[in-house]
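These notes are about the structure you will find just below.
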Amino acid sequence: MGWQLVVCGVMDVPLHTPLLGCHTNLPMTEEYLLDVAVYRENVHAFQKSVDRAVEARLHRAFDNQGLSRSKAPETAAKIEESAWNDRHAPWQFNQIVGWVRLYILGDSVRGESWWTTERSVRRRPTHRRIEFFGNAFELSFSDNESDAQIATAIRTELLSCVLVFPRRGVSIDLEIFDNLAPLLPWNILLTDHRATT
């Protein structure tokens, strides 16, 4: 199973391992697949907020003073960069407020949720720590389900994870999952684990 180590960073760990937030001593292992990022808001909403902030600053610096932006492009660029930095941009990585970690467990796929400890989830946090929040879902599959059916079912559950987290409007970033899911032999992975349980 060397390809799994390269593609997914797979590791077998006992279910009762404290790091995973699991509290049972069943003689079964979880096979870690991948982490799906949860963002404070989607990239389009974030981009709009930054664009508004940039425009407001440019307006104060130039338009209110009767100055031309085109005559001071370097100043305009610095103002824009400052607005981006104040909004804790770029969106990717900087706006993550949680994770859904996927495991294979026997004939099931489990999603664990992790969430920020911040009371108020801001665009520019002063301190952000992520903690185990709970199990988001667990799906069991029979051996006659296709890889595509399994991937679709997991994707649907991942999308529904927005309801698990305490903040409305969070965005589940499915890019990595969508890139990897069609390549994974889901049925083989589940079959291997059925044989060991």
Side-chain angles (χ1 to χ4, degrees), residues 1-43 92-93 95-118 121 128-197:
M1 290 203 169
W3 63 270
Q4 291 175 338
L5 291 170
V6 175
V7 175
C8 305
V10 170
M11 59 182 178
D12 285 331
V13 292
L15 255 181
H16 60 272
T17 302
L19 178 64
L20 303 176
C22 300
H23 308 288
T24 177
N25 291 312
L26 293 175
M28 197 181 293
T29 59
E30 288 183 331
E31 188 169 292
Y32 161 60
L33 288 174
L34 58 92
D35 294 319
V36 177
V38 180
Y39 282 85
R40 181 184 180 277
E41 60 192 340
N42 68 49
V43 66
Q92 193 170 33
F93 306 123
Q95 296 298 312
I96 291 175
V97 293
W99 296 90
V100 179
R101 173 163 277 203
L102 294 181
Y103 295 92
I104 287 182
L105 173 64
D107 64 354
S108 302
V109 174
R110 173 184 289 170
E112 275 187 357
S113 59
W114 294 72
W115 185 249
T116 177
T117 57
E118 289 177 300
V121 182
R128 182 165 285 164
R129 185 166 178 263
I130 307 290
E131 288 186 347
F132 178 71
F133 191 69
N135 289 329
F137 65 86
E138 188 166 326
L139 296 172
S140 295
F141 297 98
S142 63
D143 54 7
N144 61 358
E145 291 179 87
S146 69
D147 290 339
Q149 288 173 320
I150 294 169
T152 298
I154 296 168
R155 191 182 196 282
T156 299
E157 285 298 319
L158 284 169
L159 285 172
S160 71
C161 283
V162 295
L163 303 174
V164 170
F165 296 106
R167 177 185 167 84
R168 290 186 179 182
V170 296
S171 177
I172 308 291
D173 183 7
L174 291 174
E175 183 179 4
I176 293 174
F177 179 83
D178 286 343
N179 288 338
L180 289 179
L183 307 176
L184 294 177
W186 294 100
N187 225 318
I188 292 174
L189 292 173
L190 292 166
T191 300
D192 288 348
H193 277 259
R194 287 187 194 103
T196 60
T197 59

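Position 1 is the first residue of the sequence, and the numbers go up from there. Keep in mind that this is a model prediction, so the values were computed, not measured.
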task = Kindly indicate whether the side chain of T116, heavy atoms from C-beta on, has any atom under 4.5 Å from the side chain of F133.
result =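 Sidechains of F133 and T116: no contact.
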query = Do V97 and F165 have side-chain heavy atoms sitting under 4.5 Å apart?
reply =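 Sidechains of F165 and V97: no contact.
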message = In this structure, is the centre-to-centre distance between the rings of F132 and W114 below 6.0 Å?
response = yes
Would you check if the side chain of [X] reaches a backbone N or O of [Y] as a donor-acceptor pair within less than 3.5 Å?
X	Y	answer
E157	I154	no
S140	S108	no
D147	W186	yes

message = Could you go through W99 and E112, starting from their C-alpha distance and side-chain angles, then the distance that decides it, and tell me whether this counts as side-chain contact (heavy atoms from CB on, under 4.5 Å)?
response = CA-CA 8 Å; W99 296 90; E112 275 187 357; over 6 Å; no
query = S146: what forms a side chain to side chain donor-acceptor pair (under 3.5 Å) with it, not counting sequence neighbours?
reply =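 Counting only residues at least two positions away or on another chain, S146 forms a side chain to side chain donor-acceptor pair (under 3.5 Å) with Q149.
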What's the spacing between [X] [atom1] and [Y] [atom2] if we round to 0.5 Å?
X	Y	atom1	atom2	value
L174	N179	CG	CG	10.5 Å
L33	L184	CG	CG	6.5 Å
L105	L190	CG	CG	10.0 Å

message = Quick one, V38 with W115, criterion side-chain contact (heavy atoms from CB on, under 4.5 Å). Give me CA distance, side-chain angles, the key distance, then yes/no.
response = CA-CA 9 Å; V38 180; W115 185 249; 4.3 Å; yes
request  = Using the side-chain contact (heavy atoms from CB on, under 4.5 Å) rule, pick out the option among D35, V164, L34, L158 that qualifies with V100.
outcome  =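 That would be L158; it is the only one of D35, V164, L34, L158 passing the side-chain contact (heavy atoms from CB on, under 4.5 Å) with V100.
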Looking only at non-hydrogen atoms, find the nearest pair between [X] and [Y] and report the distance.
X	Y	answer
A37	I96	CB-CD1, 3.9 Å
F177	P182	O-CD, 4.3 Å
I150	E145	CD1-O, 3.9 Å

Cation-pi, Y32 ring and R101 (6.0 angstrom, 45 degrees) = yes
Test log, rule side-chain contact (heavy atoms from CB on, under 4.5 Å), inputs V36 and I176 = CA-CA 7 Å; V36 177; I176 293 174; over 6 Å; no
task = Answer yes when R129 and E131 have at least one side-chain N-carboxylate O distance shorter than 4.0 Å, and no when they do not.
result =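 Yes, R129 and E131 are salt-bridged.
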